[in-house]
Amino acid sequence: MFSRTNNCGELNKTHIGSNVLLCGWVNSLRTHGKIIFIDIRDRYGKTQVILDKDDLIDKGNSLSNEDVISISGKVSARTKEFINKEIATGEIEVIADKLEILSVSEPLPVPIHDREASTEEQRLKYRYLELRNKTLQDNLLKRHHAAQVVRNFLSKKDFIEIETPVLMKSTPEGARDYLVPSRVHHGKFYALPQSPQMYKQLFMISGLDKYFQIVKCFRDEDLRSDRQPEFTQIDLEMSFVDEPDIRNLVENLITTVFKEVNGVKIKKPFPVITYNESIQRYGTDKPDLRYDMELNDFKEFSNKSDFKSFKDLDYVSMISVKDEGVFSRKIIDELDNHAKSLGAKGLAWMKCKNNALDGGIARFFDSNLQSDIISHYKLKDNSICFMIGDNSNLALKVLGSVRTKIAEMLNLCDNTIFKPVWIVDFPLFEWDKEEKRFESVNHPFTAPKDSDIEKLSSNPEDVTSKGYDIVINGYEVAGGSIRIHDNEMQKQIFEIMNMKEKEINEKFGFFIDALKFGTPPHGGIAFGFDRLVMLLCGVNNIRDIIAFPKTTSASALMEEAPNTISETQLNDLNISIKKNEKDI
RNA sequence: GGGGUAGUAGUUCAGCUGGUUAGAACGCCGGCCUGUCAAGCCGGAGGUCGCGGGUUCAAGUCCCGUCUAUCCCGCCA
């Protein structure tokens, strides 16, 4: 029987002369007749092994990539000309005196060292092979490290990690629930948590004071590159706090994680901007602050121009960018198409040259107006302006998206820089046109600002909430709020959302009851842990930091989930499947 | 639900305005080779062009439908 003495990444000059036994995969094989080189690989690194004895060469010639082997031999120094500076073990090699083949590998369906070299469909099907890739392993290692730092940090601050149920009651507000049928209670269903929101508030009522959990959450909605149907939150809640207490704690948590995991220092305190300000300046509530290019109100000038398409519009939004020959007609067309695909009528533009405006819609602005524009926005020579006119919502939103697109084109997104910002003063409600009722912008447990409580009954649309988000580099990384701790107010909020007493009692009665028995003022926040790890790893796809992710249609290509179940299983649950017309 | 992109050898791709036997690289199999490190050289095998229909003398190529992956919009309290 074998027993490994070292891993494949740790041998160096200090081990020269010692006898070792290494285990791992054949990373590459170079046969030269009377000598064979094997790079043996494990999670820790690669080591070059030499086979130069006749019996070993016969065996070595039968090897192929990804076979699992063990090698025993002597660590030997490489002569100067053969040192490989690329790898940690490059100063030594192991001269084998025994080779054991532990497992033979068939040719791989995906190459493991070059992830780009196969389609994602293929890689997800053989995810366990893709996970042999160094980068992916490093990402998972970083994820582990980040979780560990979070647990340590919060534990030291008296937070207790408490598990909450995964099978819970469905309360259809917000996202669609993943549902689990009950065998015992025919026709009834559990829901998987979208977040442990109510449980953690109940912990505060219980007097547990400070709670956290690194926990899986589930939302049955359509996916994006930063959204998975099941994802992980760092969920936390604390009693007897107001907004500044939470912000202070969270800033310390975030800076600690970035420092411990990535060695990056982030300045405190984080900048704070209001929701309205963020929309005005960046056209989004998750602005990327790694670059400037703020949006401007251009209405004043477009009104004075002869450009008819901008007349009679609510709003004209403008950004200006330095143009160092990047914005060719082709690129401008590309941006124009992007704007149109988001619902804008088009993207107007003009360039600033020799203290005048030129190209695009410049001819609709007379020379006086042009100089006014140039001096008002301090436009520099060789810059380009982009404008969108529409209702203010759309104009800002679309130009905000153009802003990020331009930043990508100009390579302004440095993944080693982290720019966090608090977004605060969200409206408490927004009007749902289709349902014709108010809906919570955050969730219905978010408290209104103390100064706005009177407006709750008169004009709910003007009420500002005690909610806050943290955005880093354009990703919404965390969101939370100070909660309502008064049962009457909680009931009032549900009523504003057009819920009847009966419905409130059915869905949330237990929770409103709980609020009656001495509820401390409390608040908290939940981090999208996956997104945080994405930032730490410098990747822009959530699948790169999850071991076994789902596709954009929420299926698992490896094990083929979801799947059909047997008649027996259906009968146990008293469920029958409706046949579509197509299937008949 | 809507829009964009992709689907051809084990893998990644090429294949023009429809026209001989659908090509390349890597991998695989066989052989040679004592200093390579993505080793090299010689030879070989390997294809239901995602699937279904249509147009045509002729379809990988054109048309319609459909499936899968991916990006975006809607959606994500």
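The analysis underlying the following values was restricted to heavy atoms, covering all of them including side chains, and did not include hydrogens, waters or symmetry mates. Naming convention: chains lettered A, B, ... in sequence-line order (proteins, then strands); numbering from 1 in each chain.
- Tested against A:D235, the residues A:Q197, A:Q213, A:K200 include a single side-chain hydrogen bond (donor to acceptor under 3.5 Å, both in side chains) partner, A:K200.
- Within residues 125-138 of chain A, no residue has any heavy atom closer than 4.0 Å to RNA chain B.
- The nucleotide B:rA69 finds its pairing partner in B:rU5, both defining distances of the Watson-Crick or G-U wobble pair being shorter than 3.5 Å.
- Counting to the nearest Å, the P atom of B:rG3 and the CZ atom of A:R224 are 15 Å from each other.
- Side-chain to base pairing of A:D222 with B:rG74: one donor and one acceptor N or O lie within less than 3.5 Å of each other.
- Contact of A:E121 with B:rU70 (side chain to base): no donor-acceptor pair of N or O atoms is detected under 3.5 Å.
- Across the protein-nucleic acid pair, A:I92 atom CD1 and B:rU36 atom C1' stand 15 Å apart, rounded to whole Å.
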(request) Start with the C-alpha gap between A:E120 and A:R543, add the side-chain angles, then the distance that decides, and say whether salt bridge (Lys or Arg N to Asp or Glu O under 4.0 Å) holds. (result) CA-CA 10 Å; A:E120 187 139 23; A:R543 293 184 298 275; 2.7 Å; yes

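- For A:R227 and B:rC76, a side-chain-to-base donor-acceptor distance below 3.5 Å is present, hydrogens and geometry of angles not being considered.
- Each of A:N541 and A:R531 was matched to the nucleotide of RNA chain B holding its nearest heavy atom; the match closer to the 5' end belongs to A:N541.
- The distance between atom NZ of A:K46 and atom C1' of B:rA38, rounded to the nearest whole Å, is 9 Å.
- Residue side chain A:N84 reaches the base of B:rC37 through a donor-acceptor N/O pair under 3.5 Å, judged by distance alone.
- A:S76 and A:R78 share no donor-acceptor pair across their side chains, judged by distance under 3.5 Å alone.
- As rounded to whole Å, 13 Å separates atom C1' of B:rU68 from atom CD of A:E120.
- Not a single donor-acceptor pair, N or O on each side, falls under 3.5 Å between the base of B:rC75 and the side chain of A:R219.
- Each of A:Q194 and A:A554 was assigned the nucleotide of RNA chain B with the nearest heavy atom; the assignment lying further toward the 5' end belongs to A:A554.
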